[in-house]
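In what follows, a single structure is set out as structure tokens and then discussed.
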Number of protein chains: 2
Amino acid sequence: MTIDPVPLAFSEHDHETCSGGVLAQAGALAASRGLRLTPVRRRTLEILLESHRAMGAYEVLERLSADGFAKQPPVAYRALEFLVENGLAHRIRRLNAFAACMHPGERHSPVFLICKSCDHIAEAQGAHVATALEAAATPAGFSIERTNVEALGLCPACAAPA
Amino acid sequence: MTIDPVPLAFSEHDHETCSGGVLAQAGALAASRGLRLTPVRRRTLEILLESHRAMGAYEVLERLSADGFAKQPPVAYRALEFLVENGLAHRIRRLNAFAACMHPGERHSPVFLICKSCDHIAEAQGAHVATALEAAATPAGFSIERTNVEALGLCPACAAPA
DNA sequence: CTTGACATGTAATGCTATAACATATCAACA
DNA sequence: TGTTGATATGTTATAGCATTACATGTCAAG
Ligand SMILES: [Zn+2]
Ligand SMILES: [Zn+2]
Ligand SMILES: [Zn+2]
Ligand SMILES: [Zn+2]
């Protein structure tokens, strides 16, 4: 499976299929790597996958507690940390929030496109950005380990004339 | 004045001259734009300029209070907000912290190189990164307004063999 | 000297994240 | 099968980051 050239997040699409596919990918990835995708963790991923938005940890926590899990912050933070560590979710620093990874298991250098109007988030292909980043860091003698690339702006729907 | 191809942050350098120059540039910029670089604001910038590190708002606040300013969070946050809004400082989201802009007034798409070991921060030239970012956003129909590009890794000094 | 815009002082609160310790679950192994 | 160690979860408390709201002060234009 290859990465969509254009993320679906900003287009009308069958999100059931969209999220279902990602969830299946995530499950397969977890199995193949021997990760323990426990109930809280799986449920957390499902919650994140419900929309193409980023959710704060406390928002996730609220939802988890409605499903019978404990309502203490560490419950949400631990599940989210697990997902992020294992590439099943991303942290959107600009929003102090988290979003499901739409390409679990695939090598990708995500660029997050954050619509400031509707709050939706797309995960665009950032291979070239990553290359440019390396090129910018090298002359400084800096070796990159992880990057955060986030862009704030308007999605096509919100940019369209009212 | 043009932008240094290689940021000084990770090299030994005369930081007095380095920070003095930036402060002078900032002052000139403020004057030319009719910005009010009041005592708290100027002092805040000076504090940020003392090192190539990012400082949390409360750390800045601590310093400001030692200089006789009020010790309530808004004091620091307002000064920092002013500096960021006017391009005299940057917000480093990964660290929930702020750093002085090393190129005030110059068009630059900063890429922040954050050394995870010594905490120093360099502001590298991100023109190509910005281009790549635009290229990644365009197919999605997304129009970018602001970006955050941060890289975590090791500076040359910290990467060198112990 | 009044007025209005901007800046600062001050108190209170809200949101985000982690530390620390107790308990539970589960699989490997004797 | 019982023990053990690793991993995960429950629970309490606290730390760290950021904003709201309102009062007060400053200064220059009219
Ligand atoms: Zn979808
Ligand atoms: Zn939108
Ligand atoms: Zn310097
Ligand atoms: Zn370093």
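The structure displayed is predicted, hence computed values, not measured ones. Here is the naming used below: chain letters follow the sequence lines, and residue numbers restart at 1 for every chain.
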Practice item. Of all the heavy-atom pairs spanning A/L29 and A/N86, show the shortest one and how long it is. Key: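 Taking A/L29 first and A/N86 second, the nearest heavy atoms are CD2-O, 4.2 Å.
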
Practice item. Could you tell me which non-hydrogen atom of B/P104 sits nearest to which non-hydrogen atom of B/L88, and how far apart they are? Key: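 Taking every non-hydrogen atom into account, CB-CD2, 3.8 Å.
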
Revision key, fill the gap. Quick tally for nucleotides 13-30 of chain D: nucleotides whose base has a protein heavy atom under 4.0 Å get B, sugar-phosphate-only ones S, the rest -, giving ----BBBBB---------

Qualifying residues under side chain to side chain contact (heavy atoms under 4.5 Å, CB included), relative to [X], sequence neighbours excluded:
X	answer
B/T38	B/R36, B/V40, B/R41
B/A57	B/Y77, B/L80, B/F98
B/A70	B/Q72, B/V75

Does any pair with a residue in [range] pass salt bridge (charged side-chain N to carboxylate O under 4.0 Å, His left out), and if so which ones, sequence neighbours excluded?
range	answer
residues 117-142 of chain B	none
residues 79-102 of chain B	none
residues 12-34 of chain B	none

Point to revise | Non-neighbouring partners of A/H90 that pass ring-ring contact (aromatic ring centres under 6.0 Å, His included), sequence neighbours left out | key: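 ring-ring contact (aromatic ring centres under 6.0 Å, His included) list for A/H90, sorted by chain: A/H108, A/F112.
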
Exercise for review: Return the set of residues passing ring-ring contact (aromatic ring centres under 6.0 Å, His included) with A/F142 (not counting sequence neighbours), or none when no residue passes.
Suggested key: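 Partners of A/F142 under the ring-ring contact (aromatic ring centres under 6.0 Å, His included) test: B/F10.
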
Exercise for review: Give the angle between the helix axes at the two ends of the helix from C/dC1-D/dG30 to C/dA30-D/dT1, taking five base pairs at each end and rounding to 10°.
Suggested key: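 It comes to 20° between the two terminal axes.
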
Check your understanding: Can any side-chain N or O of A/H15 pair as donor or acceptor with the backbone N or O of A/L49 at less than 3.5 Å?
Key ->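 Yes, because the side chain of A/H15 sits within donor-acceptor range (under 3.5 Å) of the backbone of A/L49.
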
Review point. Are B/L95 and A/V149 in one and the same hydrophobic cluster, where Ile, Leu, Val, Met, Phe, Trp and Tyr link if side-chain heavy atoms are under 4.5 Å apart?
Key: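 Cluster IDs for B/L95 and A/V149 differ.
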
Exercise for review: Using a cut-off of strictly less than 4.0 Å between a heavy atom of the residue and any atom of DNA chain D, enumerate the qualifying residues of residues 38-48 of chain A by number.
Suggested key: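 Listed by number, they are A/T38, A/V40, A/R41.
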
Check your understanding: First and last nucleotide of DNA chain C touching chain B, 5' to 3', heavy-atom cut-off 4.0 Å?
Key ->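 Span of nucleotides near chain B: C/dC6 to C/dA11.
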
